[in-house]
Amino acid sequence: MAAACPCRPIAPETAAARLLGVLWFVSVTTGPWGAAAGGGEETLKCEDLKVGQYICKDPKINDATQEPVNCTNYTAYVQCFPAPNITCKDFGGNETHFTGNEVGFLKPIPCRNVNGYSYKVAVALSLFLGWLGADRFYLGYPALGLLKFCTVGFCGIGSLIDFILISMQIVGPSDGSSYIIDYYGTRLTRLSITNETFRKTQLYP
């Protein structure tokens, strides 16, 4: 004698819901979303590599300006080489498997606008001839230079103040350019806070 089937009939609404669930699962796992989740990620751009996955050359320095030779609009570029066995898209958009000898991307670095004013000359003039206003004449401030000349450097007080300001690079050329200073020498770097730098301080407390 056959045993009675314990199965209960499934309501049409339940069967339809299960069928829709199966169809949704199949479409997700086989569609473009499923391909992305399954490891079909787009190849990383070389400029998005992490520190340690590439090395950049030192910039070529102009002897006259002591700035990178390709400095334009306060920005220069250096060649960067991805590490061996790294695969990424180079600056031409080509997916390349690197061996360590190919250029992957050009990294921007900051540079300064200079116009022939030497920091060493300015400090020397301020130290030895500041009481005659030579430093101010050199930096393009003829009115202040003449005033210092007529007052003997404001009785020496103005000469001392100017020497401190020029030495600390607070007073610079009148045209807004920067001093010519050895690229790998001691320079004053002014730090500013922007939305981007503030965000980074929050990420790395």
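Count residues from 1 along the sequence.
- Taken to the nearest 0.5 Å, the NE2 atom of H97 stands 5.0 Å off from the OG1 atom of T87.
- Follow the hydrophobic side-chain contacts under 4.5 Å out from L49 and you never reach I55; the two are in separate clusters.
- Atom OH in Y74 sits 7.0 Å away from atom OG in S178 (nearest 0.5 Å).
- Across all their heavy atoms, G140 and P142 have their closest contact at O-CD, 3.3 Å.
- Two residues are said to be in side-chain contact when any heavy atoms from C-beta on lie closer than 4.5 Å; E102 and D90 fail this criterion.
- The salt bridge (charged side-chain N to carboxylate O under 4.0 Å, His left out) test applied to D182 returns K120, not counting sequence neighbours.
- The six-membered or imidazole ring of F105 lies near that of Y54, with a centre-to-centre distance under 6.0 Å.
- Atoms CZ and CD, on R112 and Q66 in that order, are 9.5 Å from each other to the nearest 0.5 Å.
- Looking only at side-chain heavy atoms (C-beta outward), P173 and N115 stay at 4.5 Å or farther from each other.
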Could you walk me through whether C46 and C88 pass disulfide (SG to SG under 2.5 Å), step by step? CA-CA 5 Å; C46 292; C88 60; 2.1 Å; yes
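- Y184 and V69 are members of different hydrophobic clusters when ILVMFWY side chains are connected at heavy-atom separations under 4.5 Å.
- Nearest approach of L106 to P108, heavy atoms of both residues: O-CD, 3.7 Å.
- V114 and L139 fall into different hydrophobic clusters, where Ile, Leu, Val, Met, Phe, Trp and Tyr are joined by side-chain heavy atoms under 4.5 Å apart, directly or via other members.
- Rounded to the nearest 0.5 Å, atoms CD (E95) and CD (E42) are 9.5 Å apart.
- Of the N and O atoms on the side chains of N94 and T96, not one donor lies less than 3.5 Å from an acceptor on the other residue.
- Applying the side-chain hydrogen bond (donor to acceptor under 3.5 Å, both in side chains) test to pairs two or more places apart or on separate chains, those with a residue in residues 138-167 are D135-K148, R136-D162, K148-D162.
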Requested in this report: Could you check N73 against T75 for side-chain hydrogen bond (donor to acceptor under 3.5 Å, both in side chains), going step by step and ending with a plain yes or no?
Outcome: CA-CA 5 Å; N73 296 328; T75 304; over 6 Å; no
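- Pairing each heavy atom of F137 with each of L146, the nearest pair is CZ-N, 3.4 Å.
- Considering all non-hydrogen atoms of both residues, A122 and Y179 come closest at CB-CE2, 3.8 Å.
- Between the SG atom of C56 and the NZ atom of K107 there is a distance of 5.0 Å, given to the nearest 0.5 Å.
- Evaluation of the salt bridge (charged side-chain N to carboxylate O under 4.0 Å, His left out) rule for K45 yields no partner, not counting sequence neighbours.
- C111-C71 SG separation is under 2.5 Å; the pair is scored as a disulfide.
- Contact detail for F149 and L132: the closest heavy-atom pair is CB-O, 3.4 Å.
- E47 places none of its side-chain heavy atoms less than 4.5 Å from the side chain of F91.
- In this structure the side chain of P68 reaches within 4.5 angstrom of the side chain of Y183, judged on heavy atoms.
- The local environment of CD1 in I157 is sparse, with at most 12 non-hydrogen atoms from other residues, nucleotides or ligands closer than 6.0 Å.
- Residues F154 and I161 fail the side-chain proximity criterion, which asks for heavy atoms closer than 4.5 Å.
- Between F81 and V103, the closest side-chain pair of non-hydrogen atoms falls below 4.5 Å.
- In this structure, the separation between NZ on K50 and CG on L44 is 9.0 Å, given to the nearest 0.5 Å.
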So I61 and E67, side chain to side chain contact (heavy atoms under 4.5 Å, CB included) or not? Walk me through it.
CA-CA 5 Å; I61 306 303; E67 294 296 324; 6.0 Å; no
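- Criterion: ILVMFWY side-chain heavy atoms under 4.5 Å apart, direct or through other members. Under it, I180 and L165 are not part of a common hydrophobic cluster.
- In the hydrophobic clustering of ILVMFWY residues, with side-chain heavy atoms under 4.5 Å counting as a link, I166 and Y117 come out together.
- Taking 4.5 Å as the limit, some side-chain heavy atom of N113 sits within range of a side-chain heavy atom of S177.
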